[in-house]
Amino acid sequence: MDLMSKFFNNTRKPEGFLGKVMVNGMNGGGHAALAEWGLSFVNISKNDSALDCGCGGGANVKRLLAKCDTAYGIDYSEISVAKSKEVNAEAIKNNRCEIHQCDVRSLPFDNDSFNVVTAFETVYFWKDIEKAFAEIFRVLRNGGTFAITNESTGTDKTSVKFSEIIDGMNIRKCSCSKT
């Protein structure tokens with residue numbers, strides 16, 4: 001595997017030096033505009049509790065904390081969890097935030113824990129998406145919001161090319177539109 005393939009494979013599960021570079025790039029603006037756009041469609045109240053699945057470097061957990069009292073993040077990458085904890089250290093210290101290393105198919109939270117669950121540029125990599133969605137709906141409160149924000153519709157040439165380069169990336173076709 002060449003260096004470029006190794007780098008892009010770190011979008012799935014950041015590891016080692018290239019993983020640290022990838023996570024910093026995600027936080028530094030790689031996904032910022034898309035995340036802001038996605039969050040613009042989600043009603044979040046100050047008293048809400050939110051969960052970001054596949055929290056990467058923690059930038060979206062921080063965005064959620066600006067809108068609500070408590071926010072949690074999960075990721076299965078040790079590097080992502082460490083960076084998320086670093087980015088949200090003050091909120092963790094103030095008991096407003098927790099970051100967990102786990103798989104989305106087995107969340108360490110009680111039923112009906114969250115008003116909002118988000119997933120930014122991550123469902124491409126989820127194994128057994130039905131089990132992952134069932135687990136998310138288990139922890140989502142009745143009337144809550146599950147917001148998935150992806151750059152790809154599953155048919156655009158760039159995403160198709162990346163799915164051929166990145167091991168385990170599964171783009172799904174959708175028929176959604178901007179509103």
Q: Check the pair Leu39, Ile44 against side-chain contact (heavy atoms from CB on, under 4.5 Å), reporting the backbone distance first and the verdict last.
A: CA-CA 9 Å; Leu39 281 175; Ile44 303 174; 4.2 Å; yes

Q: Check step by step if side-chain contact (heavy atoms from CB on, under 4.5 Å) holds for Asp112 and Val139.
A: CA-CA 5 Å; Asp112 307 315; Val139 302; over 6 Å; no

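Taking every heavy atom of both residues into account, His100 and Val81 meet most closely at O-CG2, 3.8 Å. When all heavy atoms of Thr149 and Gly38 are compared, the closest pair comes out as OG1-CA, 3.6 Å. Counting all heavy atoms, side chain and backbone alike, Val61 lies closest to Cys97 at CG1-SG, 3.7 Å.
Residues Lys46 and Cys68 are not in side-chain contact: their nearest non-hydrogen atoms beyond the backbone lie 4.5 Å or more apart. By the 4.5 Å heavy-atom criterion applied to side chains, Gln101 and Asp75 are not counted as neighbours. Thr118 has its side chain out of reach of Cys53: every pair of non-hydrogen atoms, C-beta onward, lies at least 4.5 Å apart. Under the 4.5 Å side-chain criterion, counting only non-hydrogen atoms from C-beta, Asp52 is in contact with Phe120. Taking the side chain as every heavy atom from C-beta outward, Leu64 and Lys62 never approach each other to under 4.5 Å.
Between the Ser113 side chain and the Asp110 main chain, a donor and an acceptor come within less than 3.5 Å of each other. Looking only at distances, no side-chain donor or acceptor of Arg105 sits under 3.5 Å from a matching main-chain atom of Glu130. A side-chain donor-acceptor contact under 3.5 Å links Ser77 to the backbone of Ser80. A donor-acceptor pair is defined here as one N or O able to donate and one able to accept, closer than 3.5 Å; no such pair exists between the side chain of Asn88 and the backbone of Lys85. One N or O on the side chain of Asn94 and one on the backbone of Glu90 form a donor-acceptor pair closer than 3.5 Å. With hydrogens and angles disregarded, a donor-acceptor distance shorter than 3.5 Å links the side chain of Arg138 to the backbone of Phe109. Remark: the backbone N or O of Asp69 is paired with a side-chain donor or acceptor of Arg96 at under 3.5 angstrom. Ser84 contributes a side-chain N or O that, together with a main-chain N or O of Gly58, makes up a donor-acceptor pair within less than 3.5 Å.
Using modelled atom types and a 3.5 Å distance limit, the side chains of Ser49 and Asn115 yield no donor-acceptor pair.
Looking at Tyr72, Phe137, Phe146 one by one, the single match for ring pair (Phe, Tyr, Trp, His ring centres under 6.0 Å) with Phe114 turns out to be Tyr72.
In terms of hydrophobic clustering, with Ile, Leu, Val, Met, Phe, Trp and Tyr side chains grouped at heavy-atom distances under 4.5 Å, Leu140 and Ile148 are assigned to a common cluster. In the hydrophobic cluster analysis, where Ile, Leu, Val, Met, Phe, Trp and Tyr join through side-chain heavy atoms closer than 4.5 angstrom, Leu51 is grouped together with Val104. Clustering ILVMFWY residues whenever any of their side-chain heavy atoms sit less than 4.5 angstrom apart, transitively, puts Phe41 in the very cluster that holds Leu34. Tyr76 and Ile99 fall into different hydrophobic clusters, where Ile, Leu, Val, Met, Phe, Trp and Tyr side chains are chained together by heavy-atom contacts under 4.5 Å. Note: the hydrophobic cluster containing Leu65 does not contain Val87 (ILVMFWY, side chain heavy atoms under 4.5 Å, direct or indirect links).
Counting heavy-atom neighbours within 6.0 Å of Lys93 NZ, excluding the residue itself, gives a total of 12 or less.
The line from CD of Glu135 to CD1 of Ile74 is 9.5 Å long, rounded to the nearest 0.5 Å.
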